[in-house]
Student: 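Got a structure for you, questions after.
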Protein chains: 2
Amino acid sequence: MTALLRQKDLAPRRWEHLRRILGRDQVVRVDELTEQLGVSAATIRRDLDQLEGLGEIRRVHGGAVSTGGRLEEPLFDDKTSVAIKEKRRIAEAALKYIKPNDTVYLDGGSTVLELARLLKDRSNITNVTNSLRATVELAGPGPRLILVGGELRRLSQTLVGPLTRFLIEDLHIDKAFMGTMGLSLEGGLTTTDPSEAYTKELVMEHAREVILLADHNKAHKISFTRAGRLEKVRVLITDNLMDRKLAKGLRKLGIEVVRV
Amino acid sequence: MTALLRQKDLAPRRWEHLRRILGRDQVVRVDELTEQLGVSAATIRRDLDQLEGLGEIRRVHGGAVSTGGRLEEPLFDDKTSVAIKEKRRIAEAALKYIKPNDTVYLDGGSTVLELARLLKDRSNITNVTNSLRATVELAGPGPRLILVGGELRRLSQTLVGPLTRFLIEDLHIDKAFMGTMGLSLEGGLTTTDPSEAYTKELVMEHAREVILLADHNKAHKISFTRAGRLEKVRVLITDNLMDRKLAKGLRKLGIEVVRV
DNA sequence: GCAAAATCAATCATATTCTTTCATGCGGCT
DNA sequence: AGCCGCATGAAAGAATATGATTGATTTTGC
């Protein structure tokens, strides 16, 4: 038995301290820690790298922030941050398709979320959605809002799965605004999760008109599973960086392609 | 005067500050922020650009505006603050009634919301709820979460009305934790809104066991409309300021009254 | 509609921080 | 002893963040 009474079991002790600080302040800077712990900055950085490997923190220039804290943006499978300008333009364009007294469905995804933001003051419509983020967006004063029930899929913050069928089958939807992870001629519409796909497909089959919102990054991507048939899509609204070949192919399928 | 040259804040700290201001005022000016944060305008602009990339804000000339997103809680807010200690104690006590693999229903209301907060790390249960607040609370890593579908009632931030029946009737609920606006022997359980009442009643009729969470302020209050039958309540968890007469009367009805 | 003022984007200089690499020292092992 | 493994510290060069400057753009005031 090797009694490890090493004087230098300091690493665990440092981590302890580090976790305490992070739990309290959510963010530390490395020079703060060098001072408090009396070790070199190099060691602190190595410690922080370790903790980052464990997923407890995220490194930032000058220090680290604890994950799951309030100043840590949650992880989505759909990156809001890319092409936000394009997404906003697409959402603007989508707005024109909405008429008074329409019942519109808002799918998950960041582009559709941008559309949701624009619907706050359109009080003469009814929104149906499975997106928690869209719901929060519209939770204040605004148009009528109906959530489909279902199981929360945390990665996308949407309600998915078989339980969503009740409301979707029961409601009449004029225009369904859908997002997608992948869009291609070979793969059609694809997404990462089967339950998510199920709900998407269900909506598309029941909506009177399906309008797809997809920025150019989705082009030629093929994700894990099919999510609805391209034939159900009447309009695709995309940005002007969308691949022309793909647009052409989609037009050939009878889809009205709008580039903004 | 210890006019220490304070370390500049790390970027995440600035962002936090920024988000706070924006959540409160909806709009910030750049020069306002340079002053408050003690960094140059260039840095503020870069920060704002970053946040815009994340979709959290929209840049405007001179500053930025929030894209909205926070949960509205005007009336609700004072309600959360009254008797918060009692509500927490009640929620703590309610926790004991939850067993592994239970399916629990979480109603709207601030006391139940406190319970929801305690359920974040109880991964071995299934939650069903009509409360948007509880949902947001549990939207991060946590136990399985199912939302009943339905129309959003903004005042209470709950899903209510006839559309909620599909899932509630379809799901098996072991324990339903209910809130109420009024609790009295004469009026029974009462609440302000008929749709809300409908959904509450539906849940109570279908749950295997109904546990009512109500602080002493609810005693003898009679609200607009009946919301479920007292006979369905098996346990009332309340605080120690609850009127004894009422407690006694409820016990006579066969309800187990727990005061904490 | 024009001019002044404010704000912005772009660029560069500087300071800070990060990564990489190497040297040192301490403890344990054969 | 002598050697190895490991944690640490130190240093150099790369990367990044910040602040100041300048000319362009937008808003404001008249």
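The shown structure was predicted, so the numbers you read here are calculated from the model rather than taken from an experiment. To find a chain, count down the sequence lines: A is the first, B the second, and so on, and within it residues start at 1.
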Student: Quick test of your reading of the model: are Lys245(A) and Asp243(A) salt-bridged, counting only N-O distances below 4.0 Å?
Tutor: no
Student: With a 3.5 Å cut-off and sequence neighbours excluded, list the donor-acceptor pairs that the side chains of residues 229-236 of chain A form with protein atoms.
Tutor:
| unit_1 | atom_1 | unit_2 | atom_2 | d |
| --- | --- | --- | --- | --- |
| Arg229(A) | NE | Glu205(A) | OE2 | 3.2 |
| Arg229(A) | NH2 | Glu205(A) | OE1 | 3.4 |
| Arg229(A) | NH2 | Glu205(A) | OE2 | 3.4 |
| Arg234(A) | NE | Glu209(A) | OE2 | 3.0 |
| Arg234(A) | NH1 | Glu256(A) | OE1 | 3.4 |
| Arg234(A) | NH2 | Glu209(A) | OE2 | 2.9 |

Student: Rounded to the nearest Å, what distance is computed from the CG atom of residue Leu37(A) to the P atom of nucleotide dG9(D)?
Tutor: 11 Å
Student: Rounded to the nearest 0.5 Å, what separates atom CG in Leu18(B) from atom CD in Glu56(B)?
Tutor: 9.0 Å
Student: Does Glu52(B) come within less than 4.0 Å of Arg58(B), counting only side-chain N to carboxylate O?
Tutor: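 Salt bridge: no.
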Student: In this structure, are over 12 heavy atoms from other groups packed under 6.0 Å from Gln36(A) atom CD?
Tutor: yes
Student: Without decimals, in angstroms, what is the distance between Arg59(A) CZ and dT16(C) P?
Tutor: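 About 18 Å, once rounded to whole Å.
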Student: Suppose we screen for salt bridge (charged side-chain N to carboxylate O under 4.0 Å, His left out). Which residues come up paired with Glu92(A), at least two apart in sequence or across chains?
Tutor: none
Student: Taking the minimum atom-to-atom distance to the side chain of Val30(A), which one of dT17(C), dC18(C), dT19(C) wins?
Tutor: dC18(C)
Student: To the nearest 10 degrees, what angle separates the axes at the start and end of the helix from dG1(C)-dC30(D) to dT30(C)-dA1(D), five pairs each?
Tutor: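 Rounded to the nearest 10 degrees, the bend comes out at 30°.
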Student: If I take atom CD1 in residue Ile44(B) and atom P in nucleotide dG19(D), what distance separates them, rounded to the nearest angstrom?
Tutor: 9 Å
Student: Are any protein N/O atoms closer than 3.5 Å to N/O atoms in nucleotides 13-15 of chain D? If there are, list each pair with its distance.
Tutor:
none

Student: Is the phosphate of dT16(C), meaning OP1 or OP2, less than 4.0 Å from a side-chain N or O of Arg29(A)?
Tutor: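 Answer no for this pair, as no side-chain N or O of Arg29(A) is under 4.0 Å from OP1 or OP2.
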Student: Between C1' on dC18(C) and CD on Glu52(A), what's the gap in Å once rounded to a whole number?
Tutor: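 Nearest whole value for this atom pair: 13 Å.
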Student: For Asp31(A) and dC18(C), what is the distance between atoms CG and C1' respectively, to the nearest whole Å?
Tutor: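 One finds 13 Å between C1' of dC18(C) and CG of Asp31(A), rounded.
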Student: Looking at Arg244(A), I want to see if its CZ is surrounded by more than 12 non-hydrogen atoms of other residues, nucleotides or ligands under 6.0 Å.
Tutor: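 12 or below, so no.
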Student: Salt-bridged, Asp9(B) to Arg14(B), with N to O below 4.0 Å?
Tutor: no
Student: Whole-Å distance between dT19(C) C1' and Asp47(A) CG?
Tutor: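 Result: 16 Å.
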Student: Examine dG9(D): is either OP1 or OP2 under 4.0 Å from a nitrogen or oxygen in the side chain of Thr43(A)? Give yes or no.
Tutor: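 Thr43(A) to dG9(D) OP1/OP2: side-chain N or O found under 4.0 Å.
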Student: Assess whether a salt bridge exists between Asp78(A) and Arg133(A), defined as any Lys/Arg side-chain N lying under 4.0 Å from an Asp/Glu carboxylate O.
Tutor: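 Yes.
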Student: Which part of the nucleic acid, if any, lies within contact of Arg45(A), taking any heavy atom under 4.0 Å across all strands shown: a base, the sugar-phosphate backbone alone, or nothing?
Tutor: base
Student: Ala91(B): which residues meet the side-chain contact (heavy atoms from CB on, under 4.5 Å) condition with it, sequence neighbours left out?
Tutor: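 With neighbours one apart ignored, the set is Glu114(B), Leu115(B), Leu118(B).
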Student: Using a strict cut-off of less than 4.0 Å between a Lys/Arg side-chain nitrogen and an Asp/Glu carboxylate oxygen, indicate whether Asp239(A) and Arg89(A) qualify as a salt bridge.
Tutor: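 Not counted as a salt bridge, because no side-chain N and carboxylate O are separated by less than 4.0 Å.
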Student: Whole angstroms only, please: what is the CZ-P distance between Arg58(B) and dC8(C)?
Tutor: 14 Å
Student: Atom pairs under 3.5 Å, N or O on each side, protein against nucleotides 20-22 of chain C: can you list them with distances?
Tutor:
none

Student: If I take atom CG in residue Leu48(A) and atom C1' in nucleotide dT17(C), what distance separates them, rounded to the nearest angstrom?
Tutor: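 Rounding to the nearest Å, CG of Leu48(A) and C1' of dT17(C) are 12 Å apart.
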Student: Does the pair Asp47(A)/Arg19(A) count as a salt bridge with the N-to-O cut at 4.0 Å?
Tutor: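 Salt bridge flag = no for Arg19(A) with Asp47(A).
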